[in-house]
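Here is the structure we will look at.
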Amino acid sequence: MDREILIKAITQEVLRQMESKQDSQSFQKAADSADHILLSDMRPGAKVTDMKRLFESADRNRSYAVCIPQWFVALAKENLHGSSVKIATIVGLPGGTTSPMAKYAEIKQAVAAGADIILVPVNMDKCAAGDVKGVQKDLAESLTACKGKVEAAAVIEVKDMDKKTLLDTALACVAVGAKGIMLSAVTGGSVGADMIRDLKAKGLSVGVIGNVTDRQAEYRQAGADWLAVRNR
């Protein structure tokens, strides 16, 4: 290979790695905040008064973010003006099985309303079928609405997920733009500390959502970067 071409190729790769490192650090800032908590209330029947209590609690306790239904994002933006608390919402419920186009539209709407963090459940039907490439393609198409605008994390349900499939799925999600992985046991099973450690060993940012409250110390000891805890 010509020397100038080789130098150019090396320079481009170094710049790519630097850019990738900067991107991965943005969502990781949760670990540096006073609290790693995403204070959450995703109940379909939640009211405006419930949300306002949530916002007040998150701001008072310096939570990293609130995690709320999309229809309350604009309200959060208004009530948390001037606060360091970020606004997170989940799209593609349930189970990430809505089409990429539908998730893309939800993300655009959430971004326009003021969301800072988008949590996107991966398509669990494809996961169950072992179609990791299908999961990756689905997520990549959905996340095009996030690029250059907000941070995104992929939510992976751990029920019936073996170690290899979980790792392959997580790596595939990060490869197409997810800044981190949120492990969930909402549909069953249990998020084990070993799952967190395995993903952290691969250099991934990892959080847990669902059934977290009684295991916060365990998850933090395993290296979890953030925890979505239901507001009480």
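All figures in this text were calculated on a predicted structure; none of them were measured in a lab.
For the pair K47 and D50, the salt-bridge criterion is not met [side-chain N within less than 4.0 Å of a carboxylate O]. By the 4.0 Å N-to-carboxylate-O rule, E218 lies close enough to R215 to be salt-bridged with it. Here E141 pairs with K137 in a salt bridge; the nearest charged N to carboxylate O distance falls below 4.0 Å. Under 4.0 Å is where a charged nitrogen must lie from a carboxylate oxygen, and between K103 and D138 at least one such pair does. Note on K202 versus D198: no salt bridge recorded, every NZ/NE/NH1/NH2 to OD/OE distance being 4.0 Å or above.
If you chain together hydrophobic residues whose side chains sit under 4.5 Å apart, Y104 and L139 never meet in one group. Neither V186 nor V122 shares a network with the other; the hydrophobic side chains, linked directly or stepwise wherever heavy atoms of I, L, V, M, F, W or Y lie under 4.5 Å apart, form separate groups for each.
Atoms CG and OH, from D225 and Y219 in turn, are 14.5 Å apart once rounded to the nearest 0.5 Å.
Of the possible polar contacts, none joining the Q70 side chain to the I90 backbone as a donor-acceptor pair under 3.5 Å is found. Looking at S184, its side chain never comes within 3.5 Å of a backbone N or O of I156 through a donor-acceptor pair.
A donor-acceptor contact closer than 3.5 angstrom links the side chains of D162 and T165. If you check the side chains of S83 and D59, you find a donor sitting under 3.5 Å from an acceptor. A donor and an acceptor atom, one from each side chain of T187 and E157, are located under 3.5 Å apart.
Within 6.0 Å of CG in D194 there are more than 12 heavy atoms belonging to other residues, nucleotides or ligands.
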With side-chain contact (heavy atoms from CB on, under 4.5 Å) as the criterion, how do S84 and R62 come out once you've worked through the C-alpha distance, each side chain's angles and the decisive distance to 0.1 Å?
CA-CA 8 Å; S84 63; R62 298 181 63 220; 5.6 Å; no
Is there a side-chain contact (heavy atoms from CB on, under 4.5 Å) between L183 and L199? Walk through the geometry before answering.
CA-CA 10 Å; L183 300 177; L199 297 181; 3.9 Å; yes
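By the 4.5 Å heavy-atom criterion applied to side chains, D41 and F72 are not counted as neighbours.
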